[in-house]
Amino acid sequence: MSVKNAPENAKDMAGKQDDRLRISALGEWYEDLLTIDSAVNGRSEAQQASSLLCAKLQEREAKIKERVRYLAAKRSISYEEMLLKILKGDYKKMSPEELEELQQILPDELPHRIGGWGF
């Protein structure tokens, strides 16, 4: 499932800023399940989809934090700095060159900093 934010300049039919989350089509099976689940729970499909997404994110919160800690340690920055980079849209995958530079700076320490690589 692909998730995208509406373009910053997107307007709804009334001319108001439209900042709703956009997701790609679910496929027939999942659309049908969402329709049924929404009806059974007395909610619109949008409300039920939002509720389900929030529940799944809560379930994965510890794993998400663990991944952010890994990325922060790999870059030798704090967890908070990594969160800020991600939230500001400044996060990017390290290039092989950046990783090589880091390995030269911290040759013995790097695997330990990130939990023995954890793979």
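Position 1 is the first residue of the sequence; numbering continues from there.
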- Applying salt bridge (charged side-chain N to carboxylate O under 4.0 Å, His left out) to Glu61 and not counting sequence neighbours gives Lys65
- Task: Indicate, with yes or no, if Leu34 and Ile36 share a hydrophobic cluster defined by side-chain heavy-atom contacts under 4.5 Å among Ile, Leu, Val, Met, Phe, Trp and Tyr.
- Result: no
- pair Leu99-Lys74: side-chain heavy atoms closer than 4.5 Å: yes
- Task: If a pair satisfies side chain to side chain donor-acceptor pair (under 3.5 Å) and one of its residues is in residues 77-88, list it, with sequence neighbours excluded.
- Result: Ser78-Glu81
- Walk me through it: do Leu57 and Ile64 pass the test side-chain contact (heavy atoms from CB on, under 4.5 Å)? CA-CA 9 Å; Leu57 288 170; Ile64 293 167; 4.2 Å; yes
- Message: For a 4.5 angstrom cut-off between non-hydrogen side-chain atoms, does Arg60 reach Arg67?
- Response: yes
- Run the numbers on Lys56 and Glu59 for salt bridge (charged side-chain N to carboxylate O under 4.0 Å, His left out), then give the verdict. CA-CA 5 Å; Lys56 189 63 176 179; Glu59 178 183 307; 2.9 Å; yes
- Same hydrophobic cluster for Trp29 and Leu52, using side-chain heavy-atom links shorter than 4.5 Å among ILVMFWY? yes
- Query: Are side-chain heavy atoms of Ile23 and Leu53 found at a separation under 4.5 Å?
  - Reply: no
- Item | Polar side-chain atom of Asn41 near backbone of Asp37 as donor-acceptor pair, under 3.5 Å | yes
- Message: Looking only at the side chains, is there a donor atom on one of Gln47 and Ser38 sitting less than 3.5 Å from an acceptor on the other?
- Response: no
- Query: Distance-only, no hydrogens or angles: does the Arg75 side chain make a donor-acceptor pair with backbone N or O of Leu71 under 3.5 Å?
  - Reply: yes
- State whether Glu66 and Arg69 are salt-bridged, where the test is any N-O pair (Lys NZ or Arg NE/NH1/NH2 against Asp/Glu carboxylate O) under 4.0 Å. no
- Leu84 with Ile86, same ILVMFWY side-chain cluster at under 4.5 Å: no
- Going from CD on Glu98 to CD on Glu101, what distance comes out if it is rounded to the nearest 0.5 angstrom? 7.0 Å
